[in-house]
Amino acid sequence: MITIDLDSPEPLFHQLVLQIKQAIENKQLQAGDALPSIRQLAADLDINAKTVAKAYRLLERDSVIESKGYRGSFVRSDALDNLHIDINEWLGSTMLVDIEKYRKAGATDSEIRNAFTQAMSR
C-alpha cells in the first residue's frame with residue numbers, strides 16, 4: 001500500500017508519513033492496527049531502516065501512532081483527530097510572531113539570527 005518515489009524531491013521519510021496518514025484517513029488503517037516493523041517496511045520498500053524509523057518517530061510525535069516496545073507500532077485510537085497536526089506550520093507562525101516582536105524592539109535580522117543560533121546551541 002505504500003510506494004516510494006525515489007525521484008521525488010520530497011524526502012523519503014516525509015513520503016512515508018504522508019502515505020500512512022492518508023491510509024488512516026481513507027480507513028485503510030484503523031485504530032489499533034499494527035504497522036509493519038521498521039525493518040520489514042524498510043526491506044519491502046528497499047530503503048534504509050533509519051528512514052522508516054524517522055517517519056515512525058514523527059508519526060508518534062504527532063500522536064498518530066504509538067510504539068509498544070518490542071510488540072511494534074500501532075495506529076492510535078485518536079489518530080483521525082491528529083492527522084492534520086503540522087508542527088512545521090505551527091513553528092513558522094509562532095516564530096513569525098516572535099520575530100515581529102524582536103524587530104519592533106529594534107533588533108536587526110542579523111542579531112535575531114545570531115541570538116537564535118546561540119539559543120539552539122545551548
Side-chain angles (χ1 to χ4, degrees):
M1 110 179 130
I2 294 175
T3 56
I4 294 299
D5 181 1
L6 297 174
D7 296 324
S8 172
E10 192 75 37
L12 299 180
F13 72 89
H14 196 251
Q15 290 181 47
L16 285 172
V17 167
L18 291 177
Q19 289 188 46
I20 291 170
K21 285 184 174 184
Q22 284 175 337
I24 294 168
E25 191 166 43
N26 296 336
K27 306 221 189 289
Q28 294 168 318
L29 284 173
Q30 302 204 5
D33 284 353
L35 295 171
S37 72
I38 291 170
R39 286 184 185 153
Q40 183 62 55
L41 187 55
D44 291 348
L45 298 174
D46 196 27
I47 60 175
N48 193 302
K50 289 181 180 183
T51 301
V52 177
K54 182 174 185 176
Y56 278 22
R57 274 194 313 276
L58 293 174
L59 288 163
E60 193 166 8
R61 176 201 67 192
D62 293 347
S63 300
V64 173
I65 68 171
E66 60 186 334
S67 175
K68 295 185 179 179
Y70 292 107
R71 293 189 354 230
S73 296
F74 298 83
V75 177
R76 287 176 53 112
S77 60
D78 57 349
L80 280 172
D81 298 331
N82 302 325
L83 288 180
H84 301 290
I85 292 174
D86 186 346
I87 292 289
N88 291 321
E89 182 181 320
W90 173 79
L91 280 171
S93 62
T94 302
M95 290 177 103
L96 273 176
V97 170
D98 291 339
I99 289 168
E100 283 306 310
K101 283 192 284 188
Y102 306 146
R103 286 178 176 158
K104 283 181 182 177
T108 66
D109 287 355
S110 180
E111 290 169 327
I112 295 168
R113 274 189 213 94
N114 288 338
F116 180 80
T117 302
Q118 288 175 355
M120 287 296 297
S121 65
R122 291 184 187 161

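Counting begins at 1 with the first residue of the sequence.
In this structure, Q30 and D33 approach most closely via the heavy-atom pair N-OD2, 2.7 Å. Of all heavy-atom pairs between G106 and E111, the closest is O-OE1, 4.2 Å. Looking at every heavy atom in both residues, E10 comes nearest to Q15 through O-NE2, 3.0 Å. Of all the heavy atoms in A79 and I24, the pair that sits closest is CB-CG2, 4.2 Å. Minimum heavy-atom separation, A49 to I38: O-CG2, 3.4 Å.
Within the 4.5 Å cutoff, the side chain of S73 has no heavy atoms near those of the E60 side chain. With a 4.5 Å cut-off on side-chain heavy atoms, L80 and K27 count as touching. Considering only heavy atoms from C-beta on, L16 comes within 4.5 Å of L45 through its side chain. Side-chain atoms of Q19 and T3, non-hydrogen and from C-beta on, do get closer than 4.5 Å to each other. Looking only at side-chain heavy atoms (C-beta outward), E25 and H84 come within less than 4.5 Å of each other. Side-chain contact between V52 and L12 is absent, with no heavy-atom pair separated by less than 4.5 Å. Residues V17 and L59 form a side-chain contact, since some pair of their non-hydrogen atoms from C-beta on lies under 4.5 Å apart. Counting heavy atoms from C-beta outward, T51 and I4 have side chains that stay 4.5 Å or more apart.
At distances below 3.5 Å, not a single donor-acceptor pair connects side-chain atoms of Q40 with backbone N or O atoms of S37. The backbone N or O of Q28 sits nowhere less than 3.5 Å from a side-chain atom of N26 that would complete a donor-acceptor pair. A donor-acceptor distance shorter than 3.5 angstrom exists from the side chain of S121 to the backbone of Q118, with no hydrogens or angles considered.
Legend: residues meeting side chain to side chain donor-acceptor pair (under 3.5 Å) with S110, ordered by chain and number and at least two apart, are absent. Looking at residues two or more places apart in sequence or on another chain, you find a side chain to side chain donor-acceptor pair (under 3.5 Å) between D109 and R103.
In this structure, L41 CG and I20 CD1 are separated by 6.5 Å, a value rounded to the nearest 0.5 Å. Interatomic distance, D44 CG to R39 CZ, rounded to the nearest 0.5 Å: 14.0 Å. Rounding to the nearest 0.5 angstrom, the gap separating the OH atom in Y56 from the CD atom in E66 is 13.5 Å. Distance check, rounded to the nearest 0.5 Å: CG of L91 to CG of L96 gives 11.0 Å. A distance of 8.0 Å separates CG of L6 from CG of D46, quoted to the nearest 0.5 Å. Rounded to the nearest 0.5 angstrom, Y102 OH and T108 OG1 are separated by 13.5 Å.
Atom CZ of R61 has more than 12 heavy atoms from other residues, nucleotides or ligands within 6.0 Å. Crowding of E100 atom CD: a count of heavy atoms from other residues, nucleotides or ligands under 6.0 Å exceeding 12.
Linking Ile, Leu, Val, Met, Phe, Trp and Tyr residues whenever their side-chain heavy atoms come within less than 4.5 Å places L29 and I2 in a single cluster. When the side chains of ILVMFWY residues are joined at heavy-atom separations under 4.5 Å, either directly or via intervening members, W90 and I99 end up in two distinct hydrophobic clusters. In the hydrophobic cluster analysis, where Ile, Leu, Val, Met, Phe, Trp and Tyr join through side-chain heavy atoms closer than 4.5 angstrom, M120 is grouped together with M95.
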